[in-house]
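Below: the structure, in structure tokens.
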Amino acid sequence: MKLGVFDSGIGGLTVVKSLLEHELFEEIVYFGDTARVPYGIKDKNTIIRYAIEAVEFFKNFELDLIIVACNTVSAYALDEMRETSTCPVIGVVESGVLAAVNKLHDKNADILIIGTKATVNSKAYEKALNSLSYYNIQAKATGLFVPLVEEEIYSGEILQATFKHYFHDTKVPHAIILGCTHFPLISGELQNYFGEDTILIHSGDAIVEHLEKEFIFSKKYKEPNLKFFASENPEALRNIAKKWLGL
Ligand code: DGL
């Protein structure tokens, strides 16, 4: 299978990392819209317009599947992308919800969703969880984590101060949905902050779980063909990809 992965910037590389660990695809074409990141502070129409442009870009590659590795786009633009795409499109919100539900058998479990302002305002996670009878949900926009991760600040004082800023009055939840693809890079510190009993749901792992349920993967690809594109400074994205993915 030939896969396209779309994100607003570099965060979707955390999803690619999970995909590579499971050796599911023969070819992965990554597109990060680095010229226009962050999407998380933009309005719905803008996010949809950018997402449709990404579908047009992917039409150059005869893909079998597109994964939207951006929670913000998954929350707002999946239907519109599906209407214009010639191949199936799947997003991380649906997968994240399924992964959470698989891990939380108690419907009264306290779930904390963290993501960008746009993702939180969309209520996409709440709506999906409510439809499965999970109602103890709190959502917090924690957008400052995005530039911190972009600055490669994965630990230390600034991150701890940001945790306090956002979570000083937050009850320890049973699970946290990392509703932004940048957040897996600070998941170790988040786990330390909330404690070992809190389950963290990561978009990358969730999408692999979802794919393995929906599709039959009869072959493993140890050395897939990887192509990285960005709307601005593709070299910088390729360098980060090399570092994060150990290429
Ligand atoms: N990748 C985006 C997401 O998962 C976060 C960065 C942005 O605001 O564009 O929501």
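Both ligands and their constituent atoms are indexed starting at 1 by order of listing.
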**Request:** Just need the protein heavy atom nearest to atom 10 (O) of ligand 1, so name the residue and atom and give the distance.
**Result:** T72 OG1, 2.6 Å

**Asked** Which residue holds the protein heavy atom closest to atom 2 (C) of ligand 1, what is that atom called, and what is the gap in Å?
**Response**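 That would be C70 SG, 3.4 Å.
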
**Message:** Tell me which one of T72, T116, D33 satisfies side chain to side chain donor-acceptor pair (under 3.5 Å) with Y39.
**Reply:** D33

Verify, without hydrogens or angle tests, whether [X] (side chain) and [Y] (backbone) share a donor-acceptor contact under 3.5 angstrom.
X    : Y    : value
Y125 : G115 : no
D64  : K2   : yes
Y30  : G12  : yes

Sub-4.0 Å atoms of ligand 1 with respect to non-hydrogen atoms of [X]:
X   : value
V37 : 9 (O)
S8  : 1 (N), 2 (C), 6 (C), 7 (C), 9 (O)
Y39 : 7 (C), 8 (O), 9 (O)
P38 : 7 (C), 8 (O), 9 (O)

**Item:** Part of T181 with heavy atoms under 4.0 Å of ligand 1, whether side chain, backbone, both or neither
**Value:**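 The answer is both, backbone and side chain.
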
**Request:** Could you see which bit of D7 sits under 4.0 Å from ligand 1, with heavy atoms only: side chain, backbone, both or neither?
**Result:** side chain

**Prompt:** Taking the non-hydrogen atoms of G115, is any one of them nearer than 4.0 angstrom to ligand 1?
**Reply:** no

**Message:** Just to check, does C180 reach to within less than 4.0 Å of ligand 1 when the distance is taken from its heavy atoms?
**Reply:**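 Distance cut 4.0 Å: C180 passes for ligand 1.
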
Side-chain contact, heavy-atom cut-off 4.5 Å: [X] with [Y]?
X    : Y    : value
L159 : F145 : yes
S18  : H202 : yes
Y193 : T170 : no

**Prompt:** Hey, do the aromatic rings of F167 and F194 have their centres closer than 6.0 Å?
**Reply:**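 Yes.
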
**Message:** So, regarding T116 and ligand 1 (criterion: nitrogen or oxygen to nitrogen or oxygen, under 3.5 Å), is there a contact or not?
**Reply:**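 Among all N and O atoms of T116, none is under 3.5 Å from an N or O of ligand 1.
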
**Asked** Is G40 in polar range of ligand 1, meaning some N or O pair under 3.5 Å apart?
**Response**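 Yes, G40 has an N/O under 3.5 Å of an N/O on ligand 1.
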
**Message:** Looking at non-hydrogen atoms alone, which of V92, N71, T119 comes nearest to atom 3 (C) of ligand 1?
**Reply:** N71

Can you give the donor-acceptor pairs under 3.5 Å from side chains of residues 50-57 to other protein atoms, not counting sequence neighbours?
{"unit_1": "E53", "atom_1": "OE1", "unit_2": "R36", "atom_2": "NH1", "d": "3.0"}
{"unit_1": "E53", "atom_1": "OE1", "unit_2": "R36", "atom_2": "NH2", "d": "2.7"}
{"unit_1": "E56", "atom_1": "OE2", "unit_2": "K59", "atom_2": "NZ", "d": "3.1"}

